[in-house]
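I have placed the structure first, in the form of structure tokens, so that the comments after it can refer back to it.
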Amino acid sequence: MPAPEPREPLDLLFRDLRTSPEGLGEREAARRRTVYGPNALVRREGRHWPHELARQFTHPLALLLACAATLAAVSRAPNLTGAILAVIGLNALLAFAQERQAERAVEALAGFLPDEATVVREGRRRSVPATELVPGDVLVVEEGDRVSADARLLSGGVEVDLSALTGESAPVFRSAESTDGSGPLLDAPDLLFSGAACTGGTAVAVVTATGMHTELGRIAALSQRTRREESPLEQQVKRVARLIAVIAVGVGLAFLPMGLAAGLSLTASVAFAIGLLVANVPEGLLPTITLALASGVRDLARRGAVVKRLSAVETLGSTTTICTDKTGTLTENRMRVTQVWTPGTGAIGAPVPDDEALTLADAAALCTTADPAAGHGDPTELALLDLATRLGTDRTPHRRDRERRALFRFDPRLKLMTTADSRDGTVVLHTKGAPEEVLTHATRLLDHGSERPIVPADRAEVVHTVSGLAARGLRVLAVASRALAPGQPPPARREDAEHDLCLIGLVAMSDPPRPEVPDAIRRAHRAGVTVHVVTGDNGLTAAAVAEQVGIGHRGMRIVTGTELDAMGDDRLDALLSRGEEVIFARASPEAKLRIADALRAEGHTVAMTGDGVNDAPALRRADIGVAMGRSGTEVAREAATMVLTDDNFATIIAAVEEGRRTYDNIRKFIVYIFTHAVPEVVPFLVFALAGGAVPLPLTVMQILAIDLGTDTLPALALGRERAEPGLMDRPPRPRSERVIRPGMLARAWGFLGLISAALVMGGFFLTLGRAGWHPGDPTGPGTALHLAYQQATTVAWLGIVACQVGTAFAARTDRAPLRAVGVFGNRQLLGGIGFSLAFAAAVVYLPVLQRMFGTAALSPTQLLTVAPFPFLVWGSDELRRAVVRRRTPSPSPVARPAPVARPAPVPGSALPGPRHPLPTLLARHGWNAHRLAHALGVGEHAAAEIVAHARRISAEHGRRPP
């Protein structure tokens, strides 16, 4: 059965749902459960985990490691074979577990559905499991309930918190009497949605959709259809693995004919080809990358960011654009009164405990129903109660409720709320609401403790004050009162209460920005990161918050959800390519996905923040999904790649810095690891080209002792290297930039590697020459030169270890001198080098290891041969970096363009300035000329020009003028 249109007339809706206000019968409800299924969020069939686990073992680098394990087995090194296989298994299991974790996002959505629901069936109220609700059920919603299904109101009115679905920070009022068939479905004033929380009131509604057919279910479906793509590092590691495989296999195959041509036997040629393969396969690369990323994860966790996928640490470093929510991310997610105005002072100011402010705060607190101690209530009313507490009034919720005689709840059509309260035997009416509506119902104002009639100049001053406060993004309420005659009972009707009011003053409140956000935004801009605001809130408030925290330094555009929906992809791409920072207001889940896709298509690496259910699909699609750990929903946390445990936007920028540092460090130990391939390969080439006249300077076992012994800990320590100066003053690297650049290979193979190879071969020949060796002399077992040959191979092997020490210090910086990061600034590296030297000493001097690796004890003179190697390698690279710094200037900080001028004020409007185009924004959000003229106090002609100007802006953004 197709779902009915929930906004159609009630009689048609009852007909299409085949129900009535008395509800369904039990038998009919049971039949519909069979047809529609349970009212629950279901997930598509999960992936088969054996296949997914097996896929982890086909990663190119995992295959390369398997090849290395095979070669180690051929080389009769079972311990090394087992170690490499353990590394393969550990990495595969870790990657598999991380991918499976994201699959729980849809399961977390189910947490938004309650266990029980109250329904009317066959005319009687009863409680049923929420999973048994079906379309056509009549649902009862009361304060404290969570809505169980999408429904159309039949009677009553409720305030509901839709922040999890829309991102709107303030609760909204839904009433059966409010019907409007236009606009987005989530904005319909007479509809309720599954997962929303009722914060006040009571209503009866008819269920129109359940399960996966609800708005919550639609978001769940989006989350399931959104697949995570490989991160830049994951793609780069595969490229590196292919490059290494081609080089290793190519060199090994090329050696076979070279060895045969040089006079070697087929068996010797094959054996040494295997040695070349082992020399070219960096067995420690994958575990080193994994552990470096894991180290970054631990560092981020200590700073308040929990990263759920290791590769995300690197992706953070390449972030070019952050799409951030407003509520709870840029702001504190709590309303607070920041400004008050009273007729007596005639000036806007911060709340201070003078007589007029105390009267205003007391009246505002009386006109509330919230209870902070109980943990519920409208954020606006909680802010008013907080104001009363701050100013020192004795108006508590308990005393307020005890003195209350009547209550007229907030009506969104009238934009007013009124209470009747007892004071010294007299009933006093207190009213709060939209300033223009309170002003319409007011005839007097309170001036220095006494009431006087309102004159036109007073009304103009109030309108001007309201406009100025609203232009700053503040929510403004007016508060008024009227005392009844002694003994007069409270009015029975609302219209009898809300007239002839006395205006007490204005209160302006906002959801204040987090104090650390402006500095974080400045750091982001300095690092070349663009910050867009994508929020379900209205554009006026979002623009004010963005301006306060510094977003928009290149210019700022505001695009409403309706405009974005009508905007073609080409216009969206053009908008995002201008370099301005954009505020996307009233953004839907599909819109957030579209924005992320558009930015990624432009080559951006996108970090998307969010905390609500509606953010889950976009969090999964973005390169980095960032959820709030405290205020965020479990759905958002499960869908995200990173969770901020402190809800601190500044932690995102700290994570970007950590990602850049980690990526730089990965490049550092890649240079370190790749450098030693040259001194490991050159001895084999010399042996082959000499046709055996030069004995083999290294053995396969000695190469493995380097790659999995002395190489690993210094490489891991380079992954902990501190950041070079200016890390956050350079622009983000392009998304397409490879992790291995030609300059890195030139430095590793063509400079550091060649120097190391020359030193190693020099030490080898020097040791043999001192023993009287000449080319072609036999050095095998039983010959006079055999001990000298073993010592020469030991010098060559130890020379590589010594060159590793120099390379480790050289690789610590890319451009800067070593003193910039501190010669002894990396204690882990010093420890790793200490372990390498201790391991080398054991290989050289312990008899059992001498037999295993073919080494011999060295004399002090022979040790002195390799002692200068670290200083020669490091010193050569230090001189090279000095030449590079002189020839090329250091990367300058990202230029900060001058702010783009704001649109000029609309002609004829004296209210907004160029920085606060309030009337234009209101018109773009649907205000017509008459409403603008009434609310803002401008002429009809000026209001018409404002609306025309808003239409031109909407047309420019791709929206057809209304």
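- Heavy-atom minimum distance, A627 versus L619: CB-CD1, 4.5 Å.
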Review point. Would R660 and M728 count as a side chain to side chain contact (heavy atoms under 4.5 Å, CB included) if you check the C-alpha gap in whole Å, the side-chain angles of each, and the deciding distance to 0.1 Å?
Key: CA-CA 8 Å; R660 290 189 178 190; M728 292 295 284; 4.1 Å; yes
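- In terms of heavy-atom proximity, A596 sits nearest to V606 at O-CG2, 4.3 Å.
- The distance from atom OG of S510 to atom CD of Q548, rounded to the nearest 0.5 Å, is 6.5 Å.
- At least one side-chain heavy atom of R523 sits less than 4.5 Å from a side-chain heavy atom of D519.
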Exercise for review: Determine, step by step, whether R526 and D729 satisfy the salt bridge (charged side-chain N to carboxylate O under 4.0 Å, His left out) criterion, reporting the C-alpha distance in whole Å, the side-chain angles of both residues, the deciding distance to 0.1 Å, and the verdict.
Suggested key: CA-CA 6 Å; R526 201 177 76 227; D729 289 331; 2.5 Å; yes
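- With contacts defined as side-chain heavy-atom distances shorter than 4.5 Å, the pair K668/V671 does not qualify.
- L564 places a side-chain heavy atom less than 4.5 Å from the side chain of I595.
- Taking each heavy atom of I558 and A543 in turn, the nearest pair found is CD1-CB, 3.5 Å.
- By the 4.5 Å heavy-atom criterion applied to side chains, I624 and M608 are not counted as neighbours.
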Review point. Passes side chain to side chain contact (heavy atoms under 4.5 Å, CB included), R514 versus L330? Steps please.
Key: CA-CA 6 Å; R514 295 180 177 272; L330 297 178; over 6 Å; no
Practice item. Report the C-alpha separation of D814 and R747 in whole Å, then their side-chain angles, then the decisive distance to 0.1 Å, and conclude whether the side chain to side chain contact (heavy atoms under 4.5 Å, CB included) test is met. Key: CA-CA 10 Å; D814 182 48; R747 184 185 181 192; 3.8 Å; yes
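- T609 places a side-chain N or O within donor-acceptor distance of the main-chain N or O of D325, the cut-off being under 3.5 Å.
- A donor-acceptor pair under 3.5 Å links the side-chain atoms of E563 to the main chain of T560, judged by distance alone.
- Between F584 and H532, the ring-plane angle classifies as perpendicular under the 30° and 60° cut-offs.
- In plain terms, the two heavy atoms of A640 and G625 that are nearest each other are CB-O, 3.2 Å.
- Separation of atoms OG1 (T324) and CD1 (I551) is listed at 6.5 Å; rounding is to 0.5 Å.
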Practice item. Evaluate the salt bridge (charged side-chain N to carboxylate O under 4.0 Å, His left out) criterion for residues E724 and R812: first the C-alpha distance (whole Å), next the side-chain angles of each, then the deciding distance (0.1 Å), finally the verdict. Key: CA-CA 9 Å; E724 287 190 50; R812 290 184 62 194; over 6 Å; no
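- Contact record, A524 with V531: CB-CG2, 4.3 Å, taken as the closest heavy-atom pair.
- To the nearest 0.5 Å, atom CE of residue M642 and atom CG of residue L644 are 5.0 Å apart.
- Of the inter-residue distances, the one linking L576 atom CG with C323 atom SG reads 8.0 Å to the nearest 0.5 angstrom.
- Taken from OG1 in T662 to CZ in R667, the straight-line distance is 13.0 Å, to the nearest 0.5 Å.
- Residues I652 and I322 have side chains in contact (heavy-atom distance under 4.5 Å, counting atoms from C-beta outward).
- Counting only heavy atoms from C-beta outward, the side chains of T321 and V529 never approach each other to under 4.5 Å.
- By the 4.5 Å heavy-atom criterion applied to side chains, M744 and I670 are counted as neighbours.
- Side chain of T320 to main chain of T605: a donor-acceptor pair is present (N/O by atom type, distance under 3.5 Å, no hydrogens or angles).
- In this structure, the separation between CD1 on I653 and CG on L316 is 10.0 Å, given to the nearest 0.5 Å.
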Exercise for review: Might you work through the side chain to side chain contact (heavy atoms under 4.5 Å, CB included) test for L716 and F669, ending with a clear yes or no?
Suggested key: CA-CA 8 Å; L716 291 175; F669 63 65; over 6 Å; no
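- Looking at T813 and R881, their side chains do bring a donor and an acceptor atom within 3.5 Å of each other.
- In terms of modelled atom types and a separation under 3.5 Å, the side chain of E721 and the main chain of N665 share no donor-acceptor contact.
- A 4.5 Å side-chain heavy-atom check between V545 and T331 finds at least one atom pair inside the cut-off.
- Under a cutoff of 6.0 Å and an axis angle of 45°, R733 and Y663 form a cation-pi pair.
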**Study point:** Step-by-step salt bridge (charged side-chain N to carboxylate O under 4.0 Å, His left out) determination, R661 to D664
**Key:** CA-CA 5 Å; R661 184 183 72 87; D664 281 2; over 6 Å; no
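- Scanning both residues, P725 and A820, for their nearest heavy atoms gives CG-CB, 4.1 Å.
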